[in-house]
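See below for the structure under consideration.
Numbered from 1 within each chain, the chains take letters A, B, ... in sequence-line order.
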Amino acid sequence: MNGSQNHTEESDEEILIDHSSLTSDSFSNYKSAMTLLSSDDNHHPLATPAATDPLLSPPPPPSQLKNPNFNTDSHVYPPNSNGEESRFIENPNTNIDSHIDPLTYSDLDFTSPNSNGQESQLSENHNDESETSESLYLKIEVSNPQKEVESTSSIVPGGNTYVTYLITTKTNIPEFGGPQFAVRRRFKDVVTLSDRLAEAYRGFFIPPRPDKSVVESQVMQKQEFVEQRRNALEKYLQRLSEHPVIKLSDELRVFLQVQGKLPLLPTAAVTSRMIDGATKFSKQLLGDNSGGRFNLQDVVQPAKSRWDFIRIVKEMNQAVSNDWGGSRQPVYEEDGEFLQNKERLLDLEKQLTNASKQAELFVKAQQDMSETMGAFGLSFIKLTKFENQQAVLDTQRQRAADMKIVATAAIKASRFYRELNSRTVKHLDTLHDYMGLILGVHTAFSDRTSGLLTVQTLTSELDSLYARVEKLETSSSKNFGSDKPKTLKLGEAREAIRVTEDAKNSATRQYEQIKENNRTEIERLDRERKADFKNMLKGFVLSQVAFSEKIGKEWAIVAAETSGYAKPDA
Amino acid sequence: MITTQRSPTSGGGLQSPRSPPSQIPFLSVSVTDPAKMGNGVQAYISYKVITKTNFPEYQGPEKIVIRRYTDFVWLRDRLFEKYKGIFIPPLPEKSTVEKFRFSAEFIEMRRQALHTFVNRIALHHELQQSEDLRTFLQADEQTMERARSQDTGIFKKKPSDLMQIFRDVQSKVSDVVLGKEKPVEETNPEYEKLKRYIFELEDHLAEAQKHAYRLVKRHRELGQSLADFGKAIKLLGACEGDALGTAFSELGAKSEMLSVKLQREAQHILMNFEEPLKDYVRAVQSIKGTIAERANAFRQQCELAEAIKLKEIDLNKLRLIRSEKMLDAEHELGELKADGEEATRRFETIVRLMNEEIVRFQDQKTQDMGLAFHEFAKGQARLANGIADAWRSLLPKLDSLSVS
């Protein structure tokens with residue numbers, strides 16, 4: 001549905017979320033990206049959380065959000081951020097309630113542009129970005145695509161060309177330290193940003209990013225493609241900036257502000273770094289968080305870090321006879337309210353998809369009407385000119401004059417239809433937007449599932465570890481066929497238990513956090529959707545009324561002027 | 001008498017004159033009640049043709065006959081042959097494909113066109129006197145069938161076509177004889193202008209008609225998509241529940257209602273605008289036939305004039321040598337001269353008639369199109385206002401929806 005991406009956004013309050021093209025490809029791309037991250041959960045049931053897993057740390061107290069020193073703007077991932085640690089240690093038992101409660105938001109005086117703009121939202125009166133002075137906003141523009149060549153030496157002559165875009169941000173969020181700035185980014189950077197956000201904000205409804213779409217460099221150079229992508233990127237970034245939590249994220253800020261190479265780790269680099277950082281788990285356990293999110297200092301993916309920890313355990317104890325069979329643990333979701341909501345949202349998705357499709361067809365039909373009405377009018381203009389040129393009799397001139405009136409009205413009507421249609425596209429785009437968001441919902445729900453799975457996996461692993469210890473304790477002092485003495489093995493096993501217990505506790509906290517994120521996001525989605533839909537309906541209806549009236553007036557004039565021809569009994 | 005062309009009305013209503021029957025001569029015809037006859041490939045539509053008249057030549061005040069499309073074609077061809085110079089009203093196209101489908105729309109459009117055709121003939125001061133018309137309006141089916149089959153054959157061509165071929169051959173011969181390469185044509189500049197006008201007009205009109213037809217389709221498509229959209233919106237509203245859900249559902253209902261309006265308007269445009277426009281195109285094509293007739297008449301006149309000249313030269317030669325063939329030659333010359341006068345007369349009649357006809361035609365078309373424009377504009381205004389009203393009625397409800 002690229003057609004929905006072609007109009008420029010006049011009022012960003014209107015549409016909350018990104019609407020990426022909703023082909024099955026994009027969804028599966030996104031899904032597969034997410035599955036990669038969580039697949040290890042499923043395949044390594046005994047996966048233990050890496051000590052470096054930052055997801056283990058609970059969110060900070062709400063007050064920290066206000067702290068301007070909270071996020072140093074220099075580097076997002078310093079190996080040791082002592083300041084943050086100590087701050088956190090002061091509050092080891094921070095509430096695991098999500099910071100996204102209304103209280104916190106009002107403390108921040110944060111309001112999404114949407115909730116303010118909605119009141120004044122009318123299709124006919126396009127409002128400015130008229131938020132109250134207290135709200136925090138981010139306005140992002142993507143422009144000026146430029147071709148650049150990969151500087152690394154390439155075997156292939158001609159090198160690797162790619163396109164960069166100028167990303168300009170205007171904001172009043174204090175952490176940025178300035179009202180306006182710009183950076184150059186390429187699409188790969190956007191993918192990285194999207195991946196990092198997905199990991200850091202599990203459980204949130206994050207707008208999905210634009211498609212990757214495998215293209216050759218030739219296609220890349222095509223004007224249209226670049227323009228489409230530019231437009232899609234702008235929409236995506238704007239959607240991110242409208243999400244109450246993500247707009248304040250480090251990842252987004254770094255992306256928007258830090259000059260030069262993007263200091264976010266792409267996925268491949270993260271994995272290797274994570275292996276290096278595997279031994280620093282104790283520190284990372286106390287890693288810092290910005291409310292509800294999961295901080296990623298050195299490591300990114302809980303799954304992968306668990307995998308590496310398995311490696312470590314294996315090295316420590318070669319006689320591990322655990323079950324690597326990869327049996328999937330069933331995940332039992334108990335929360336009835338959640339299940340209800342999930343079903344409701346699935347149904348909504350289905351109906352949205354259908355409505356979205358029909359909206360596209362309707363818009364096309366309006367477009368066709370406009371074009372044909374225009375061509376119709378033009379053909380009569382030609383006839384008028386012709387008759388006037390060739391006229392011998394007065395009746396011909398009369399007819400030419402009549403034709404001209406009709407033709408002029410038709411051309412005006414054609415223009416009105418076209419204008420109406422561009423308004424209609426804008427209004428009904430809300431449907432497309434919410435379809436895009438629902439993709440984010442799927443991800444958030446699978447975050448929950450995988451989170452629960454992790455907890456359950458760790459629980460069972462813990463059980464088997466306990467069993468092992470017991471076995472070791474009650475055994476004879478004979479060796480089991482390895483060189484190590486029994487005490488050493490016992491010590492290792494007990495250490496493994498300790499680590500695994502910590503991991504399980506963290507995983508549980510993480511899972512609870514995700515659940516909470518889900519809950520608040522569902523509320524937000526429902527609230528904002530109702531408002532957006534109301535505006536959509538109203539805008540749609542208003543523009544239909546306005547333009548139909550205009551069209552009707554034109555034709556009424558023609559009808560009056562040709563009424564002399566009417567049949568007497570008409 | 002030339003009366004203002006009355007536009008065709010739909011279906012069963014009979015044209016009734018506004019003047020009292022006995023005083024002013026009138027001839028009023030209507031074509032009604034199409035009925036499907038026969039089966040399969042042989043199937044055809046028959047129409048009831050009702051004549052009301054006080055013309056003395058007619059058999060009575062009212063007569064009803066059954067006619068089919070080919071009967072109308074016969075009438076048109078006869079008139080075309082007999083009344084050269086007059087713009088014979090056009091017939092709807094003979095359809096080879098649609099015939100088998102015989103949709104209600106097709107049948108009604110054809111009936112309307114046939115009705116218009118006969119009425120125009122009946123209202124034309126010369127054509128209404130035609131004997132063939134009387135046959136058409138009154139003869140029983142067998143007589144009609146006989147008359148029709150006289151002109152039918154497997155290789156049936158219109159009389160004008162056959163004559164055309166004959167004349168082409170003839171003129172080719174005489175051209176060679178006379179040493180001319182090109183066929184003879186009038187050099188009247190006004191007439192040249194008229195011919196060019198007619199040919200170009202056809203192109204312009206055909207294009208306008210094409211767009212008019214597309215416009216009909218667009219209305220139908222918009223209607224359909226609005227109906228589908230309305231259904232989808234209703235389903236979406238069911239997900240929402242409460243006041244918002246109700247608003248969705250009402251919007252969906254309005255959409256479906258407007259879809260019906262759009263379909264109706266599409267039909268209205270088709271019948272009251274696109275069809276008259278098509279009729280205009282046909283009329284122009286009919287005029288092209290008359291132009292061909294005039295060219296033929298002119299050529300004949302020229303050929304005879306040439307033939308007379310040659311004959312006179314011959315005669316003088318014969319006179320000089322005092323041949324006994326002289327008498328025959330004189331006789332032939334006399335005949336040729338008579339033919340020549342006849343040809344000249346025929347040609348001049350065509351010219352005169354055409355001059356009158358073109359004025360009548362232009363006037364008629366201004367009226368026809370004026371009415372068509374009026375109907376079109378009326379329909380569009382009605383549609384647009386209907387749409388505005390329907391949507392406007394939703395606004396109070398939407399306004400009352402509270403923002404969460």
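- When each of A:Val545, A:Ile557, A:Ile551 is checked for heavy-atom pairs under 4.5 Å with chain B, A:Val545 comes out on top.
- Within the model, atoms OG1 of B:Thr366 and CD of A:Glu387 stand 7.5 Å from one another, a figure rounded to the nearest 0.5 Å.
- For A:Leu378, no part sits under 4.5 Å from any heavy atom of chain B, backbone or side chain.
- Going from atom OG of A:Ser414 over to atom CG of B:Leu215 covers 10.0 Å, rounded to the nearest 0.5 Å.
- Interatomic distance, B:Met369 CE to A:Tyr565 OH, rounded to the nearest 0.5 Å: 10.5 Å.
- Residue pairs satisfying the ring pair (Phe, Tyr, Trp, His ring centres under 6.0 Å) criterion with at least one member in residues 399-420 of chain A, sequence neighbours excluded, are absent.
- The shortest side-chain heavy-atom distance between A:Leu348 and B:Leu236 falls under the 4.5 Å cut-off.
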Show me the side-chain donor-acceptor pairs of residues 386-396 of chain B shorter than 3.5 Å, one per line, residues at least two apart or across chains.
unit_1	atom_1	unit_2	atom_2	d
B:Asp389	OD1	B:Arg392	NH1	2.9
B:Arg392	NE	A:Glu549	OE2	3.2
B:Arg392	NH2	A:Glu549	OE2	2.6
B:Ser393	OG	B:Lys254	NZ	3.3
B:Ser393	OG	B:Ala390	O	2.6

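- Residue B:Leu401 holds its CG atom at 7.5 Å from CG of A:Leu537, rounded to the nearest 0.5 Å.
- The CZ atom of B:Phe373 sits 6.5 Å away from atom CG of A:Asp402, with the distance rounded to the nearest 0.5 Å.
- In this structure the side chain of A:Arg529 reaches within 4.5 angstrom of the side chain of B:Glu240, judged on heavy atoms.
- In this structure, chain A has a heavy atom under 4.5 Å from the side chain of B:Leu251, while its backbone stays farther away.
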Using side chain to side chain contact (heavy atoms under 4.5 Å, CB included), reason through A:Val392 and B:Gln362 one step at a time and then give a plain yes or no.
CA-CA 10 Å; A:Val392 172; B:Gln362 296 287 25; over 6 Å; no
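- Residue B:Leu277 touches chain A through its side chain alone, counting heavy-atom pairs closer than 4.5 Å.
- Taking a 6.0 Å sphere around CZ of A:Arg397, one finds it holds more than 12 heavy atoms contributed by other residues, nucleotides or ligands.
- The choice from A:Lys553, A:Gln351, A:Arg399 that makes the most heavy-atom pairs within less than 4.5 Å of chain B is A:Arg399.
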Check the pair A:Lys357 / B:Asp228 against salt bridge (charged side-chain N to carboxylate O under 4.0 Å, His left out), numbers first and verdict last.
CA-CA 10 Å; A:Lys357 183 177 93 176; B:Asp228 294 335; over 6 Å; no
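- The nearest pair of heavy atoms linking A:Gln358 to B:Phe229 is CB-CA, 3.8 Å.
- For B:Phe248, the parts lying near chain A are the backbone and the side chain together; criterion is any non-hydrogen pair under 4.5 Å.
- Contact residues of residues 366-377 of chain A toward chain B are A:Gln366, A:Asp368, A:Met369, A:Thr372, A:Met373, A:Ala375, A:Phe376 (heavy-atom distance under 4.5 Å).
- Ring pair B:Phe273/A:Phe380 is tilted by interplanar angle, where 30° to 60° counts as tilted.
- Of residues 197-207 of chain B, those residues lying under 4.5 Å from chain A by any heavy-atom pair are B:Tyr197, B:Glu200, B:Leu201, B:His204, B:Leu205, B:Glu207.
- In this structure, CD in B:Gln364 is found 11.0 Å from OG1 in A:Thr395, a value given to the nearest 0.5 Å.
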